[in-house]
Amino acid sequence: MANEVNNFQEIISHCKEYGYVFQSSELYDGLSAVYDYGQMGAQLKKNLRDDWWKSMTQLHENIVGIDAAIFMHPTVWKASGHVDNFSDPMIDNKDSNKRYRVDHLIEAFAETIEKSAGDALIQEMEQLLAKDDFNGLKTLIENNKIKCSISKTSNWTEVRQFNLMFSTQIGSVAEEADTIYLRPETAQGIFVNFLNVQKTGRMKIPFGIAQTGKAFRNEIVARQFIFRMREFEQMEMQFFVRPGTQMEWYNYWKDTRKKWHESIGIPTEKLRYHDHVKLAHYADAALDIEFEFPFGWKELEGIHSRTDFDLSQHAKYSKKKIQYFDNDLNEEGKPFGNYTPFVVETSVGLDRLFLTVISLAYQEEKWTKEDGTEDSRVVMKIPAKLAPTKLAILPLLKKDGLPEIATELMKECKQHFHCFYEEKDAIGKRYRRMDAIGTPFCVTIDHQTKEDNTVTIRYRDTMTQERIPMSEVIRLVEKACNV
RNA sequence: GCGGAAGUAGCUCAUUUGGUAGAGCGAUAGCCUUCCAAGCUAUAGGUGGCCGGUUCGAGCCCGGUCUUCCGCUCCA
């Protein structure tokens, strides 16, 4: 099986051709950086999500799952810092491609001119900023002939507000300024439910809350297929720990999460850690688990030690006490008592994980047949436990009672896992179609089946086949899919 | 967001200087077939990304727009 190719463009085409990923609203020319999952993709994505969910909740007694709403009280985003930190008007210089915050640009200029004129300028700027008068700000910059410090030109774009968060209005009347944001991260839904879950679930620290769900970011540049989308799905878990033990848990999750990625078939050499040098305002340690995508090493999952920043902020903004009473005894034999727990977060992008699996699975194979002619196939070597369809049931011929036997087997197998039945076209063609969508097993019903109830099972990855009793099919497939 | 390039059937492409679109593969239906994209027959599928302009006439020229790709920039 030589000449394996792994080209990103081909992967994208293949995803479309076989019903994995479509561009959103393609009928209307598409919507930039938004994608839909097709009939195959939706199932693969669900299988990934289910495996993660199981690994977090079912396999950890001290982690529970929730499903928080996308809409949240607007104050949540003030407390989290999202409103204040990421909504400043910006302007670009077209010659240097340098982007400036408008207020910084004007303030810097004001310091270079006479003080009274500078003060007047800043006062004018603040009035315009308060009114969100972007045209006025542009005019102000032009009238003062403010130049870019790099290109020394005044060739500016329009002033724009780069707001990370999408917003809409709640209620039937928009006038109340009840602006609601689509969450830019799922984490806050966990933090605001910390007390609910801890009390009703009688959770003892350390414990975790897991959640999967959509998040929305109005990215300025969103490219590279489903790697960076405006609407995407996160799978994350916030682990609440006693202050001072966060590094211990940070290291535990760093290790545990990488092992999980390996458990779904990602080779170790394609994964690496990347420690953050510059930390976000809430973190005391952070790293990415990176995967070597076809376009380079990129973040797949983030592990952040978020300290008590989030819970403290929500306590402050809600004016409610968000603490935990720890009855465990410390070295002096006294309870640890009340404290605000620290948080270690694991946050993986489900769409990125999907892309990871797809780009590892996609392979073009070429070989020389026994008669000397060339042959080839495109195969998706998706691990059996993740594959959207587990088994194809194929009568060798469309007559002699073979379809009847195959249909009976189909009826039985579909109770256990996703199957696909096909009697059209030559057997080789059907095998290739199953290769293309990543079905790991095909069983073929032939004339011998009528004699002794055996079938041939054909393995996707090796293209080899063997004869097994028909009664063994379900057990064999289930075993392979639950590894 | 800035600069550059591209857009014709599901896919890959053709259509000599403007004269209202074709092929291969694929798909669907049938025939034939005893295990890796075989063969035969038939059918479906395009207002040439979209809008406008020039022209007697535009897939082809011009403008705008949308989407994609490449480079730069950004990514809490």
Side-chain angles (χ1 to χ4, degrees), chain A residues 8-10 12-14 16-19 22-34 77 80-87 90-100 150-151 155-160 162 164-165 184-185 187 217-225 227-230 276 278-283 286 288 295 298-299 302 304 306 309 347 365 367 369-370 373-379 394-400 402 424-436 442-450 455-460 462-467:
Chain A
F8 191 42
Q9 284 312 314
E10 313 243 325
I12 295 170
S13 302
H14 192 83
K16 188 197 163 188
E17 193 169 352
Y18 289 94
F22 307 122
Q23 192 176 14
S24 166
S25 317
E26 196 187 15
L27 193 61
Y28 292 99
D29 288 334
L31 188 61
S32 183
V34 186
W77 306 112
S80 70
H82 284 83
V83 170
D84 291 335
N85 291 345
F86 305 101
S87 58
M90 311 284 277
I91 192 165
D92 290 339
N93 184 276
K94 290 182 188 175
D95 297 315
S96 64
N97 282 332
K98 172 81 179 163
R99 177 167 298 151
Y100 295 88
I150 294 169
S151 66
N155 189 11
W156 299 105
T157 63
E158 296 304 307
V159 172
R160 286 168 304 239
F162 289 100
L164 169 87
M165 292 191 287
E185 63 176 29
R217 293 185 190 179
N218 196 6
E219 300 282 355
I220 299 161
V221 173
R223 260 189 233 163
Q224 284 166 325
F225 196 41
F227 183 80
R228 176 165 292 116
M229 294 194 287
R230 297 206 159 97
H276 287 203
K278 207 177 117 193
L279 294 171
H281 56 283
Y282 54 72
D288 295 337
F295 42 87
K298 299 279 182 185
E299 177 187 355
H304 298 175
R306 294 180 76 127
F309 176 82
S347 176
E365 294 180 344
W367 65 93
K369 289 194 288 190
E370 284 177 12
T373 56
E374 294 293 310
D375 208 349
S376 68
R377 67 167 181 166
V378 172
V379 56
L394 316 168
L396 185 59
L397 297 177
K398 205 169 20 176
K399 61 178 186 184
D400 302 337
L402 302 185
K424 171 98 177 119
D425 290 321
I427 192 70
K429 194 171 208 169
R430 283 179 274 169
Y431 285 155
R432 294 304 162 82
R433 276 202 283 255
M434 290 302 106
D435 288 343
C442 297
V443 298
T444 303
I445 283 68
D446 58 17
H447 291 95
Q448 195 184 326
T449 309
K450 294 203 288 187
V455 296
T456 54
I457 183 157
R458 183 260 193 188
Y459 301 101
R460 176 196 65 197
T462 57
M463 294 175 74
T464 55
Q465 53 190 41
E466 58 185 329
R467 219 157 173 105

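In what follows, every chain begins at residue 1, and chains take the letters A, B, ... in the order their sequences are listed.
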Nearest-angstrom distance, [atom1] atom, [N] to [M]:
| N | M | atom1 | value |
| --- | --- | --- | --- |
| B:rA23 | B:rG46 | C1' | 14 Å |
| B:rU54 | B:rG63 | P | 15 Å |
| B:rC32 | B:rC40 | C1' | 8 Å |
| B:rC13 | B:rC70 | C1' | 22 Å |
| B:rU12 | B:rA27 | C1' | 16 Å |
| B:rA14 | B:rU8 | P | 11 Å |
| B:rC11 | B:rG26 | P | 15 Å |
| B:rC72 | B:rU55 | C1' | 41 Å |

Rounded distance (Å) that lies between atom [atom2] of [N] and atom [atom1] of [X]:
| X | N | atom1 | atom2 | result |
| --- | --- | --- | --- | --- |
| A:Gln224 | B:rU68 | CD | C1' | 14 Å |
| A:Glu466 | B:rC35 | CD | P | 19 Å |
| A:Asp425 | B:rG26 | CG | C1' | 11 Å |
| A:Glu185 | B:rC75 | CD | C1' | 14 Å |
| A:Arg458 | B:rC36 | CZ | P | 10 Å |
| A:Trp367 | B:rC36 | CH2 | P | 11 Å |
| A:Asn218 | B:rC74 | CG | C1' | 13 Å |
| A:Leu397 | B:rU33 | CG | P | 9 Å |

How would you list, by chain and number, every residue that makes a side chain to side chain donor-acceptor pair (under 3.5 Å) with [X], sequence neighbours excluded?
| X | result |
| --- | --- |
| A:Ser347 | none |
| A:Glu26 | A:Lys16 |
| A:Thr449 | A:Asp446 |

With side chains defined as the heavy atoms from C-beta onward, is the minimum distance between A:Pro395 and A:Arg430 less than 4.5 Å? yes
Evaluate the side-chain proximity of A:Arg228 to A:Arg217: yes if any heavy-atom separation is below 4.5 Å, no if none is. no
Of all residues at least two apart in sequence or in a different chain, which pass the ring pair (Phe, Tyr, Trp, His ring centres under 6.0 Å) check with A:His447? none
Stem finding on RNA chain B, please: runs of three or more consecutive Watson-Crick or G-U wobble pairs, both distances under 3.5 Å, sorted by first number. B:1-7 with B:66-72, B:10-13 with B:22-25, B:27-31 with B:39-43, B:49-53 with B:61-65
Report yes if a side-chain nitrogen or oxygen of [X] is closer than 4.0 Å to either non-bridging phosphate oxygen (OP1 or OP2) of [N]; otherwise report no.
| X | N | answer |
| --- | --- | --- |
| A:Lys399 | B:rU33 | yes |
| A:Ser32 | B:rU68 | yes |
| A:Gln23 | B:rU68 | yes |

For A:Gln465, does its backbone N or O pair with a side-chain atom of A:Arg458 as donor and acceptor, under 3.5 Å? no
Pick out the pairs of N or O atoms, protein on one side and nucleotides 9-13 of chain B on the other, that lie under 3.5 Å.
residue : atom : partner : partner atom : Å
B:rC11  : OP1  : A:Lys16 : NZ           : 3.1

Using the side chain to side chain contact (heavy atoms under 4.5 Å, CB included) criterion, which residues pair with [X]? Sequence neighbours excluded.
| X | answer |
| --- | --- |
| A:Glu299 | A:Asp288, A:Arg352 |
| A:Ile457 | A:Phe441, A:Val443, A:Tyr459, A:Glu466, A:Ile468, A:Leu476 |
| A:Lys298 | A:Gln224, A:Phe227, A:Phe293, A:Phe295 |
| A:Lys429 | A:Asp425, A:Arg433 |

Please enumerate all residues that pass salt bridge (Lys or Arg N to Asp or Glu O under 4.0 Å) together with A:Arg306, with sequence neighbours excluded. A:Glu185, A:Asp310, A:Glu345
Find which nucleotide of RNA chain B each of A:Lys398 and A:Lys298 is nearest to by heavy atoms, and output the residue with the more 5' nucleotide. A:Lys398
So which protein nitrogen or oxygen atoms get under 3.5 Å of nucleotides 37-44 of chain B's nitrogens or oxygens?
residue : atom : partner  : partner atom : Å
B:rA37  : N7   : A:Arg432 : NH1          : 3.4

